[in-house]
Amino acid sequence: MRNWAGNLEYAAASVVRPESVEELAEFVASAAQRRERVKALGSRHCFNDVADTGGAHIVLDRLPGGIAVDAARRVVRVPAATTYGALGAALEREGWALHNMASLPHISVGGAVQTGTHGSGITSPALASAVRAIELVRASGELSRLEAGAGEEFLGSVVGLGALGIVTALELAIEPSYLVRQQVFEGLPWEAVLADFDAVAGDGYSVSLFTDYGGDTVAQAWRKVRVGGEEGSGGAAPSSFFGATPAQRPRHPLPEMDAGNCTQQLDVPGPWLERLPHFRHEFIPSAGDELQTEYLLPRARAAEALSAVRALAARLAPLLYVSEVRTVAADEFWLSPSYRQDSVALHFTWRPLQREVQAFLPELEAALAPFGARPHWGKLFAVPAASIAPLYPRFEDFRGLAAQRDPDGVFRNAYLDRLLG
């Protein structure tokens, strides 16, 4: 099997699909006794080996139990293998919503949460912030449930990189359904972005900038506003967005691609799940044959970091499809790239040139190192573990928790061996 982008062939010796949590627990405990490694495999939308293993891949799509809304507690219980697109549709049918969505609704809830995946919005923390409880099968086969507010282990486990157990289900906070308008603007002057990044990024419930870092303007700004919300009040699109002009037709972030698989634009209101993602759940997302990299750093230093990347524009151009600039509010999860840090996220969608991209990443990372850039756990990066650990104040606590919960390394793989030692 390969990952979604096709740049990684998994090394697993076998694939198992348990049909109950009890069967899963027995398999994990048996593997632990044999000192064999296991790893959960989700939607495969990772670009590195964070989900790879030389042992058994466990696919959770046959576990029983469905999506269950608890309206009184304002939570939804969801199997970890469920995609955000499927979850969104189920919630909308019952009049509920999530606080945010990632660009792609095709990713699994468990995988996205474990790797710190996020959407965009100055006031919107990463997807993990919605987690109110997490259920895991431990190396011993024990089923463990951790709840928000019940101790620090919860904060160390939600963004856990699969190091602490096989996540089987989660409870997420929900809110009443809402409508969103999506507006795309073109030709946003870099001068306006660098002069007051917070004003640009905060002028909407969710704002994304798409650029190749060349020239005097950002190619596209995607502005999403909640109807009736404070950000833009959900009214008609303004005639200008910091000097950018409204697009006259639907646009795709990649200029050469048709916008048919993108969510509806042109200021037409629609349900949250059909506007917050950039791509429709029923279509193949983005370019397909691509690579991805992302770094999160303090939002207060966004202008400096963007200027540093712009200085590399000539080197970037031959490798890059497009780069997306987003914002993420701070959270408290130990290994979250936005841990206690209101962040700007610089996302790079590369052409399928892995050797060339890997060769360039150290140069890009050197430019971003002065800002304490934290790489996204599921995307390509070259930062060594020795340089990553100091970026996370609770890194050593996480290392200790992983050793406590998985002393024999049942859930370890090459990625975690590099990261944790």
Side-chain angles (χ1 to χ4, degrees), residues 83-85 87-89 91-92 96-107 117-124 126-127 175-188 192-193 199-211 217-255 257-287 322-329 345 347 349:
T83 66
Y84 273 94
L87 173 59
L91 289 176
E92 179 64 15
W96 295 98
L98 299 172
H99 79 283
N100 209 341
M101 296 271 276
S103 299
L104 300 174
H106 309 74
I107 57 179
T117 298
H118 57 88
S120 188
I122 278 182
T123 62
S124 292
L127 302 180
E175 59 185 270
S177 180
Y178 52 90
L179 299 178
V180 175
R181 294 175 183 259
Q182 181 167 221
Q183 308 144 353
V184 176
F185 298 85
E186 299 177 299
L188 173 63
V193 175
V200 174
D203 192 12
Y205 185 69
S206 170
V207 173
S208 293
L209 309 181
F210 290 95
T211 180
T217 61
V218 172
Q220 298 178 30
W222 290 39
R223 176 177 182 257
K224 305 166 194 268
V225 295
R226 287 178 66 150
V227 174
E230 294 179 1
E231 303 85 357
S233 73
S239 59
S240 176
F241 181 74
F242 297 91
T245 58
Q248 299 304 302
R249 59 182 177 85
R251 299 302 308 268
H252 191 288
L254 305 184
M257 294 197 69
D258 183 83
N261 63 353
C262 295
T263 49
Q264 190 165 0
Q265 303 163 24
L266 301 178
D267 203 33
V268 178
W272 59 280
L273 71 159
E274 297 176 3
R275 297 294 184 274
L276 292 178
H278 297 332
F279 301 99
R280 301 173 189 254
H281 190 232
E282 64 268 28
F283 289 98
I284 296 175
S286 200
V322 74
S323 176
E324 181 180 6
V325 180
R326 293 178 285 179
T327 55
V328 191
H347 184 282
T349 299

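Position 1 is the first residue of the sequence, and the numbers go up from there. Values reported hereafter were calculated over all heavy atoms of this structure, with side chains retained and with hydrogens, waters and symmetry mates removed. Since the structure is predicted, the reported quantities are computational estimates derived from the model, not experimental observations.
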Return the minimal non-hydrogen interatomic distance between [X] and [Y], and the atom names on each side.
{"X": "Phe242", "Y": "Ala192", "result": "O-CB, 3.7 Å"}
{"X": "Pro253", "Y": "Cys262", "result": "CD-SG, 3.9 Å"}
{"X": "Leu209", "Y": "Ala221", "result": "CD2-CB, 3.7 Å"}
{"X": "Ala102", "Y": "Ile107", "result": "CB-CD1, 3.9 Å"}
{"X": "Pro269", "Y": "Val227", "result": "CB-CG2, 4.1 Å"}
{"X": "Asp258", "Y": "Gly260", "result": "OD2-N, 2.7 Å"}

Checklist entry - Run the side-chain contact (heavy atoms from CB on, under 4.5 Å) check on Leu87 and Leu98 step by step: do they pass? => result CA-CA 9 Å; Leu87 173 59; Leu98 299 172; 3.9 Å; yes
Next on the checklist: Can you tell me which residue among Val218, Leu188, Thr327 is in a side-chain contact (heavy atoms from CB on, under 4.5 Å) with Val200?
Outcome noted: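 Result: among Val218, Leu188, Thr327, Leu188 is the only option passing the side-chain contact (heavy atoms from CB on, under 4.5 Å) with Val200.
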Item to check | Residues Glu274, Glu92; criterion side-chain contact (heavy atoms from CB on, under 4.5 Å); working and verdict | outcome: CA-CA 10 Å; Glu274 297 176 3; Glu92 179 64 15; over 6 Å; no
Next on the checklist: Here's a test for you: under side chain to side chain donor-acceptor pair (under 3.5 Å), which of Arg280, Gln182, His281 qualifies with Thr263?
Outcome noted: Gln182
[Y] and [X], any side-chain heavy atoms less than 4.5 Å apart:
{"X": "Pro105", "Y": "Thr83", "result": "no"}
{"X": "Glu324", "Y": "Thr349", "result": "no"}
{"X": "Pro246", "Y": "Gln183", "result": "no"}
{"X": "Trp272", "Y": "Glu175", "result": "no"}

Checklist entry - Using 30° and 60° as the class limits, which term best fits the ring planes of Tyr178 and Tyr205: parallel, tilted or perpendicular? => result perpendicular
Item to check | Mutual orientation of the aromatic rings belonging to His252 and Phe279 [parallel < 30°, tilted 30-60°, perpendicular > 60°] | outcome: tilted
Is a side-chain donor or acceptor of [X] paired with a backbone partner of [Y] at a separation under 3.5 angstrom?
{"X": "Arg275", "Y": "Val268", "result": "yes"}
{"X": "Ser323", "Y": "Thr211", "result": "no"}
{"X": "Lys224", "Y": "Ser206", "result": "no"}

Checklist entry - CE of Met101 to CG of Leu127: how many Å apart, nearest 0.5 Å? => result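 Met101 CE to Leu127 CG: 8.5 Å, rounded to 0.5 Å.
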Checklist entry - Run the side-chain contact (heavy atoms from CB on, under 4.5 Å) check on Ser208 and His347 step by step: do they pass? => result CA-CA 10 Å; Ser208 293; His347 184 282; over 6 Å; no
Item to check | ring pair (Phe, Tyr, Trp, His ring centres under 6.0 Å) against Tyr84, all qualifying residues, sequence neighbours excluded | outcome: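 Testing Tyr84 for ring pair (Phe, Tyr, Trp, His ring centres under 6.0 Å), a comparison that skips the adjacent residues, returns none.
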Checklist entry - What residues form a side chain to side chain contact (heavy atoms under 4.5 Å, CB included) with Thr217, not counting sequence neighbours? => result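 By the side chain to side chain contact (heavy atoms under 4.5 Å, CB included) rule, Thr217 matches no residue at all.
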Item to check | Test log, rule side-chain contact (heavy atoms from CB on, under 4.5 Å), inputs Trp222 and Gln265 | outcome: CA-CA 9 Å; Trp222 290 39; Gln265 303 163 24; 3.5 Å; yes
